[in-house]
Trainee: 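Mind looking over this structure? Questions follow.
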Amino acid sequence: MLLGTVLVLLFLSGTPASAHAALRSTDPDDGSVVKQAPRSVTLTFTESVGLLDDSFRVFGPDQRRVPTGEATHADGRSDTARVGLPGKLAQGTYTVAWRVVSADSHPVSGAFTFSVGKRSATSTQIDTGPDEDPLTGGLYDAARYLAYLAAALLVGAAAFALLCRPANRSPLRIPLVTAWWTLLGSTVVLLLLRAPYEAGSGPAAAFDASALGRTLTSRPGLALLARLAVLLLTAVFLVWLSRRWNSRDSEDSRDSEDSRDSEDVQAGHDRPETVPLAVGTALAVGLALTWAAAEHASAGIQVPLAMTSSVLHLLATGVWLGGLVALLLTLRRSSGEDLTEVVPRFSRIAFASVTVLVVTGVYQSWRGLGSVSALSGTSYGRLLLAKLVAVTVLVMAAAYSRRWTAAIAAPATAEATAQATARATASATAPAVAVRERVAQPVGAPPPPEATGEPKPPSSGPEDGDRDTPGETDTDLQRRGLRRSVLIEVAVAAVVLLITTLLTTTLPGRAQAEAAQQAPAGTLPPTTLVTVPYDTGLDTLDGRGKVLVTVDPARVGENGIQAVVHGADGGPIVVPEVRITFTLPSRKVGPIDAELRDVGYWSTNSLTLPLPGTWTMKTTVRVSDVDQVTVSKRIRIAP
């Protein structure tokens, strides 16, 4: 149910993913008027970017697409994008739509304008092409989330089996196989959807052979191919490990039939498996690198340290969160004898993982945010706060689980004390025989207090009132309590991974602040369109309607004004006069007459507004010698 809910949230997210390369500047500048037509358009970004076949789309004053050359990097700099323009460009305003792929694998797009000679008389909305296909974006994000879940389960279940060494590993086989196939399938889906995700097109483009070929040679594509290679090696490793476990289980079974000392059999499970552990660690690191090499850590400041931190963060996440699932399954299938050894081991491993997560998480947060104000002032910071809250809940649930862990471990501690006492007195006293008989009880069964003089289990353990069924033992109650608390941890962990997935598709606060300091193109709209409705009281076609007034660029200095009058039927009409004046009441400036001229519509390119602020624009429409109306509107003029 939880998995289905978060997948629905991913699919229904209507906002496009924020990219991680921010635009620093454009050449020509956004909204500028150049005397001579430029030979090329150049963009500069905050980090290196990858280019697409359709990275640039340039539209002329007639709204037709202008033929351009192939997109390249300017002067060999990977943080730039450049496209050549035709030798002769007509006068007027040009719109440049662009789309590139940031270094951390996410597409980024935008548009800006420049004018040759003079601005176009009218400003019309131009379809600059696709930005983000909702279905492709939803499928891609869902596949990313499944990949995170599967990787955490795969790493965590394998680490649990090798480090905690449960006697019965059969409950872990299904999650290991399921995680491997899920990660394989999600990786293939990501590889196929990579091209349409970058281009902003529909999922059908995934079957374009040429687009897939380009994906396979790109940085994100190579990272996904490396992940597939690591998964194939992991499959070989898991098969070998399974056979090794089967062989060891058979040996343990024969040892039991031969009535050998049970301590020798248990020692086989207590010895760390050095070779499998080393191979498994290498594969896990390789798997984590396929994420670190294509996401946040691969771009920005301190890349080597960031990638190392990212790998450690991903591994610690897998060992802890994936290990929780493995522990939950083990609690359902293993005996109390096994749990007294396994649960304390996992508790220690989980504590170490949380420590690594805290250290690497603090570093990554500092690297991504850049400032304290970004914590509440950016989407990245707010998501980070949500993740912090979720992780806090997760740690609180883990702390509650440690109560049950301590209760389960208590019999094992008492058992170890009894064994030491028995060995010390075995050759000296007759009562040692009774001690050996008691020690021969199954590991995990609490020794009788009257026989050992040991105190009863701590009061922090389960109470009689917690029992669901009559005759339920302390061990059963402890297992049930731990299973419930671990189940809560697993549910919260799924939410943490969902927020992590969203964080990887959100513009970091540091990149956002860096781009803002550079005053990039697109921070302010190049034009401001104001609709001014009017009604002279006449029951005629021109007696009422609206005036569409365009102020370009709506900044301090010289501005262009275009005013087109529309009648009652919505079509353009001709009127005797349109007059527009500007007043800045807060500074007692104005009125400044725009001095519009009739050129088929009402226009001027020489209005100078000296100060920024909220100006009052008064539009007077005269439809006859005696009939006119004046309407006031507020308009923001930027510095």
Trainee: Can you find a pair of side-chain heavy atoms, one from Thr234 and one from Leu238, that are under 4.5 Å apart?
Mentor: yes

Trainee: Return the set of residues passing salt bridge (charged side-chain N to carboxylate O under 4.0 Å, His left out) with Asp27 (not counting sequence neighbours), or none when no residue passes.
Mentor: none

Trainee: How far does CG of Leu43 sit from OG of Ser25, to the nearest 0.5 angstrom?
Mentor: 8.0 Å

Trainee: If you take all heavy atoms of Ser242 and Arg173, which pair is closest and at what distance?
Mentor: OG-NH1, 2.7 Å

Trainee: Please check if the distance between the ring centroids of Phe45 and Trp98 is under 6.0 Å.
Mentor: yes

Trainee: Can Thr215 and Arg194 be counted as having a side-chain donor-acceptor contact under 3.5 angstrom?
Mentor: no

Trainee: Tell me the closest heavy-atom pair linking Pro28 and Ser40, and the distance in Å.
Mentor: CD-O, 4.2 Å

Trainee: Might you confirm whether atom CG of Leu216 has over 12 heavy atoms from other residues, nucleotides or ligands at distances under 6.0 Å?
Mentor: yes

Trainee: What residues form a side-chain contact (heavy atoms from CB on, under 4.5 Å) with Ala152, not counting sequence neighbours?
Mentor: Leu497

Trainee: For a side chain to side chain contact (heavy atoms under 4.5 Å, CB included) with Pro175, tell me which candidate from Leu328, Leu154, Leu153 qualifies.
Mentor: Leu153

Trainee: For the residue pair Ala81 and Leu51, what are the closest heavy atoms and their distance?
Mentor: CB-CD2, 3.6 Å

Trainee: Is any side-chain heavy atom of Ser603 closer than 4.5 Å to a side-chain heavy atom of Gln562?
Mentor: yes

Trainee: Under the rule for side-chain hydrogen bond (donor to acceptor under 3.5 Å, both in side chains), what residues qualify as partners of Thr44, not counting sequence neighbours?
Mentor: none

Trainee: I'd like to know if the side chain of His313 reaches the main chain of Thr360, judged simply by a donor and an acceptor atom lying under 3.5 Å from each other, with no hydrogens or angles considered.
Mentor: no

Trainee: Would you say the side chain of Phe114 lies within less than 4.5 Å of the side chain of Val33, judging by non-hydrogen atoms?
Mentor: no

Trainee: Does any N or O in the side chain of Thr182 come within less than 3.5 Å of the main-chain N or O of Thr178, such that one atom is a donor and the other an acceptor?
Mentor: yes

Trainee: Does CZ in Arg636 sit with more than 12 non-hydrogen atoms of other residues, nucleotides or ligands closer than 6.0 Å?
Mentor: yes

Trainee: Residues in side-chain hydrogen bond (donor to acceptor under 3.5 Å, both in side chains) with Ser115, at least two apart?
Mentor: Thr93

Trainee: From Tyr140 OH over to Ser186 OG, what is the distance, rounded to the nearest 0.5 angstrom?
Mentor: 11.0 Å

Trainee: Please enumerate all residues that pass side-chain contact (heavy atoms from CB on, under 4.5 Å) together with Thr72, with sequence neighbours excluded.
Mentor: Arg82

Trainee: Can you tell me if Ser310 uses its side chain to pair, donor with acceptor, with the backbone of Ala306 under 3.5 Å?
Mentor: no

Trainee: Show me the pairs that pass salt bridge (charged side-chain N to carboxylate O under 4.0 Å, His left out) and involve residues 62-76, at least two apart or across chains.
Mentor: Asp54-Arg65

Trainee: Between the main-chain N or O of Ala205 and the side-chain N or O of Ser201, is there a donor-acceptor pair closer than 3.5 Å?
Mentor: no

Trainee: Considering all heavy atoms of both residues, which atom of Val116 and which atom of Pro38 are nearest to each other, and what is their separation?
Mentor: CG2-CD, 4.3 Å

